[in-house]
Amino acid sequence: MLPKARPRSRMPALPGHAAAGHNVVCGADSFLSSDLVAHMSTNSKGTEIAAAGVSGQAQRLSLFGPRLLLEGEDGAAYDELVGRICAAVRPADVIDEIFIADIVALEWEILRWRRLKLSLIRTRALQALQDFLHRTLDYDLYSGHFAERLTEILQDNVPEDRPEDFAQTLAHACARNESDAVDQVIEILGGIDRDMDAILDGARAHKAEELVQQYVRHEPDVVTLVNQLLANAGESIDDLMADTLRNSSLLDYVERLDRLATIAESRRNASLREIDRRRAVLGQTLRRSVQEIEDDADGVLELPAAEGGNAA
Amino acid sequence: LTSARKVRANRANARASTGPQTTRGRARAARNALRHALSLPVGSIPALSEEVEALAREIAGPGANAETRDLARRVAEAQIDLRRVRHARHQFLSDTLSKEYYSYTKMRMKLKILRALLRPNPPDISTEALKFATSNPSLEGPDKLATILLEEAKELLAMDRYERRALSRRKFAIRAFDAATTGVNVTRTW
């Protein structure tokens, strides 16, 4: 596991690296020389650093590779991740910083694949719920939508000499299943090559979509209604999720995303282990140096034995 | 047997079409088979070589001896190579995502259904298949990215192999560098 963060001034530098006091990685100043910063910033298109709003850590880590964000991803969230990981790992030198850049990029990738997987499952599950509702909704639940849709259609197709609210009245009467109104509507629809069943189906689909949106917003009445409809059909939301997962194309997607996340996780863990290993090497070097200093000090402090007696 | 006249004509035609003539055209044609150029060593690309040298100097630190500088260069080379591979993969995903119509497989399936429907005696096709064939061919959001990941798996896998190799090279280069600079040899394998 990673060692507990220590004050930077106590962090010894690895031989061959700049001195510890200079190796401030997560502070305001960078141990990377200004010529390298200038060189890498101008030579690599991807490492161009946004001037404003980019934290010091994110700016410095971008020297080891640009932020690889896909369309719609949040750069600020990425920078926050950089800050958190930097604060946790406290890199000691350039190589530690390279590993941190890796960890951040890989962690972001892991989160991306996990989010994508959840999003896919959720979208498909909601689609399954919508299909279920579309199949099972009682007419009472969508008769209002049917009346509205029918009114819209009739308004453009009733004779002009009829009163203004004729279309609405007729549509609502038809929706209440009044036989005269139904016959009249069928006649009008026949004249414009429209089908009552298709309008009913459209209204049912619209209501199902509306209910799913309300269900996602956790509106209590709708949640109760949906659960009741599922129970009446001998199903549950878990059954729908399971059916969704059984969908072969979704399983392929999920499998691929799991694989990508696993690869990124193993690489991230490898980077963490390398940091651990380097800290251990650092500890060994430090112990050896301390021992050498102590040995040297013993030599200096060694007192000549007193003649014929105990030196102490 | 090919007649002499035909042979002459073939030769004349061949001479008339020997590819691009201008320097710019030749340079462009030279890149026809180039895909991502990840097989090229970092050292053979001048811009990247400069970056390698600059990073190597930082890793080695001031006053480093020749051996340390050499080991630091190996670390820097692997790091810059890794950055190049990741950038190429990212670019590939971004470019593919930005295409309005994606998914060759689905497009092929749609065309197959539509062609069948246009035959003199069209077969009976289920409502679902008809709905699929006439649906909007463009994918969006999570579905699009997931489809790209699935359909371009071969290309992405190839890039992943380059990344794995670069990571491995960097790991051992860093261990060698640490061993040389700290005097502690790492024999443990993780």
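In the text below, chain A, chain B and the rest are named by the order of the sequence lines, each starting its count at 1.
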Is there side-chain contact between [X] and [Y], with at least one heavy-atom pair below 4.5 Å?
X	Y	answer
B/L149	A/W113	yes
A/I98	B/L82	no
A/L68	B/R89	no
B/L156	A/L260	no

Portion of [X] that has a non-hydrogen atom of chain A nearer than 4.5 angstrom:
X	value
B/A153	both
B/L48	neither
B/D160	both

Quick check for you: to the nearest 0.5 Å, what is the distance between [X] atom [atom1] and [Y] atom [atom2]?
X	Y	atom1	atom2	result
A/R112	B/L145	CZ	CG	7.5 Å
A/S271	B/R170	OG	CZ	5.5 Å
A/D102	B/L167	CG	CG	6.0 Å
A/I95	B/I174	CD1	CD1	5.0 Å
A/E274	B/R175	CD	CZ	4.0 Å

What verdict does the side chain to side chain contact (heavy atoms under 4.5 Å, CB included) test give for B/R86 and A/L106, after you've listed the backbone C-alpha separation in whole Å, the side-chain angles of each residue and the deciding distance to 0.1 Å? CA-CA 11 Å; B/R86 285 184 177 159; A/L106 292 164; 4.1 Å; yes
Side chain from CB out, backbone as N, CA, C, O: work out which of these in [X] comes under 4.5 Å of a heavy atom of chain B, or both, or neither.
X	answer
A/E73	neither
A/L69	backbone
A/R267	side chain
A/L70	both

Would you find a donor on one side and an acceptor on the other, under 3.5 Å apart, between the side chain of A/R256 and the backbone of B/A146?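 Side chain of A/R256 to backbone of B/A146, a donor-acceptor pair under 3.5 Å: no, none is there.
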A/E71 and B/K144 ion-paired at < 4.0 Å: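 Here A/E71 does not pair with B/K144 in a salt bridge, since their nearest N and O are not under 4.0 Å apart.
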